[in-house]
Amino acid sequence: MTVVHQRAAARPQIVASPPRAGGAAGPLPDRVLMKGNEAIAEAAVAAGCDAYFGYPITPQAELLEWMARRMPEEGRVFVQAESELAAINMALGASAAGARVLVSSSSPGISLMAEAMSYMAGSRLPVVLVNVMRGGPGLGSIGAAQGDYLQATKGHGHGDYKVPVLAPSSIAEAIDLVRDAFILAERYRTPVILLADGILGQAMEPVAPAFRRLDKSTPDWILDGAAGRAPRVLKSLHLQPEALEEHDLALQAVYEQIAANEQRWAAEQLDDAEVVLVAYGTAARVARTAVERARADGIRAGLFRPITLWPFPAHPLRDAAKGARAVLAVEMSAGQMVEDVRLAIEGAVPVFHHGRMGGMVPSPDGVVAAMRRALAAGEEAGR
Amino acid sequence: MTATEHVTEQEGRTIYRRPLLLSKPTTYCPGCGHGIVHRLLAEVLEELGLGAKTILVGSVGCSVFAYDFLALDSVESPHGRAAAVATGVKRYRPDKVVLTYQGDGDLAAIGTAEIVHAAARGERFTVIFVNNGIYGMTGGQMAPTTLAGQRTTSSPRGRDVETTGYPLPVTEMLSLLPGVQYAARASVGDPVLVGKAKQSIKRAFEIQLEGKGFSIVEVLSTCPVGWGLTPSESMERLRDTVMTAYPVGTFVDRPRGIAPKLPQPGSPTRSITEGF
């Protein structure tokens, strides 16, 4: 007696596509146009998300709205919480009871969820948390930004823990990564962050409407009433220092496994690159255009795009940058990921940063100009 | 029948035993009420046959240890968030019995938003709210429930209502909400009161089993160490002072027609402005 709800049909519900012959039962088109927030939500539904908890915040509100319609249709759990604090704690409870859970928010709301993320990491509770990043600090703006990189990869709540962070750079990729995020969350019993931004959330792109389902097994740690077995306690409290250290070491062992097995990245035109751009998410889209323009101008540029921000693909980046004269991190922030880039490169190649903030997006020409400066400065540093 | 035969006949008959759900002796301070409330909870769940389908949502404070002593599937919550955590558990597993076990620092201070909105939504779980008017675990600081004039380690001259406000009657406040099916305040002040507390706890779980809405039992309790009193002095203070400020009784039992007479949102049978 463990499966509570029927798994999703693989066929996604798509409202943004043009009317199709045969109505809802007709064949799906090869490509449909979907908004990022809605595609992420539907990908979660298709992947068998049992419960969603959220709170309205721009620029992720459509995700909540999609789930408000779709989850009840599927007979699953949807609650609009009174705060992000409550939403993530509802997720904590549902996860403890064995649900596959999605929560979503944007930067200020993610800060409120930080507390429970720490508890969930400490209690080994899986959840997928979508952050559709906006400008900060504080209330900031509702424009797209990447100022939460350090929060996502190094921190959020208190204590010694890490969570996998997946960074899509297109809506199609976001759809795949939602499912992968559930896989990672359940494989390692950990929260997983899907780090998107306001542009990925708000833009519409053509996607293949082949959202994949995900089977679910019943783990041996969930709470369902201690019938015929010893009671289980899911907790992060270990008052004896020896016991807590043992628990923390077990967590660290999991993180080592994740770091060893789950690094992902995409390499584009890196074989002969004299300048290596490093960018993720929307910034990577700009960087890709900048690489094309630079190559048209005779600059041998390439793009290294981390897909897992933690674990950061440090060795692959270091390998990719071998032979390059400069590495340029392109971000929609004051320079956050660039810290991981520097740690990865370990001084082997000069590392530079180009970024915009506050909801502003770097322009391809601005990135090309930054490449030229980086190459010149790299030349200088090399003398 | 001889006296010997009489004794033999009585052998093997259980007069009283520790409830099976109370897995081991508690380690609370002498005179603390938690042990009594744990026992009542264990007895009620056992009598209702719910032990193997109950999920306990813990909280922060001395109440966090409940899962050490109650043989129940349990999950810990961040401070104040138990009602949100329980919402998640119960929404996903409506077939299970779910309870939170929270103290007054947890429920009435840091967790007010979560408890109010869980009650407003009429979440179908049970809250056991143990109110001793103080932050016991951290050394006896003032809580929102601390009585006016009461000395604590953070109100050393006594609680000054001009600067720190008045005691918060959470259960009365929640009683106004239509989603609340059962709300009662009980006490562990003497054996008769303990018996009544058990009845209230049992009724709260019966309401949950009926699946109608939110149920809460506030249990007035003691903190001899935090109050600076002996165990027996604490029980006297509980009866003579605390219960005067916080009257015990059943505030809401909607299935039995007990509820504050208020206009209910969504069913305005009479305009509240009538007569103006």
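Lettering of chains follows the sequences in order, A, B, ..., and the numbering in each one begins at 1.
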Among [options], which residue has the highest count of heavy-atom pairs closer than 4.5 Å to chain B?
options: A/Val79, A/Leu234, A/Leu92, A/Asn89; answer: A/Asn89
options: A/Ala99, A/Ala86, A/Ala96, A/Ala227; answer: A/Ala99
options: A/Gly228, A/Ala97, A/Gly93; answer: A/Gly93
options: A/Ala87, A/Gly98, A/Ser95; answer: A/Gly98

Do the side chains of [X] and [Y] get close enough for a salt bridge, i.e. N-O under 4.0 angstrom?
X: B/Arg124; Y: B/Glu210; answer: no
X: B/Asp73; Y: B/Lys96; answer: no
X: A/Glu82; Y: B/Arg121; answer: yes
X: B/Lys202; Y: B/Glu47; answer: yes
X: A/Arg229; Y: A/Asp220; answer: no

Q) For atom CD of B/Glu46, is the number of surrounding heavy atoms from other residues, nucleotides or ligands below 6.0 Å larger than 12? A) yes

Q: Look at atom CD1 of A/Ile142 and say whether more than 12 heavy atoms of other residues, nucleotides or ligands are closer to it than 6.0 Å.
A: no

Atom group of [X] that falls short of 4.5 Å from chain B, counting heavy atoms:
X: A/Leu239; answer: side chain
X: A/Ala226; answer: both
X: A/Tyr52; answer: neither
X: A/Ser118; answer: neither

Contacting moiety of [X], where chain A heavy atoms sit under 4.5 Å:
X: B/Ile55; result: side chain
X: B/Val57; result: neither
X: B/Ala86; result: neither

Q. Looking at B/Lys53, B/His79, B/Arg81, which has the largest count of heavy-atom pairs under 4.5 Å with chain A?
A. B/Arg81

Q) So which of B/Ala82, B/Ala84, B/Pro78, B/Gly51 has the largest heavy-atom pair count under 4.5 angstrom toward chain A? A) B/Pro78

Could you list the donor-acceptor pairs under 3.5 angstrom formed between side-chain atoms of residues 62-70 of chain B and any protein atom two or more places apart in sequence or on another chain?
residue: B/Ser63; atom: OG; partner: B/Ser59; partner atom: OG; Å: 2.7
residue: B/Tyr67; atom: OH; partner: B/Glu76; partner atom: OE1; Å: 3.4

Q. Would you say the side chains of A/Ser105 and A/Gln60 form a donor-acceptor pair under 3.5 Å?
A. no

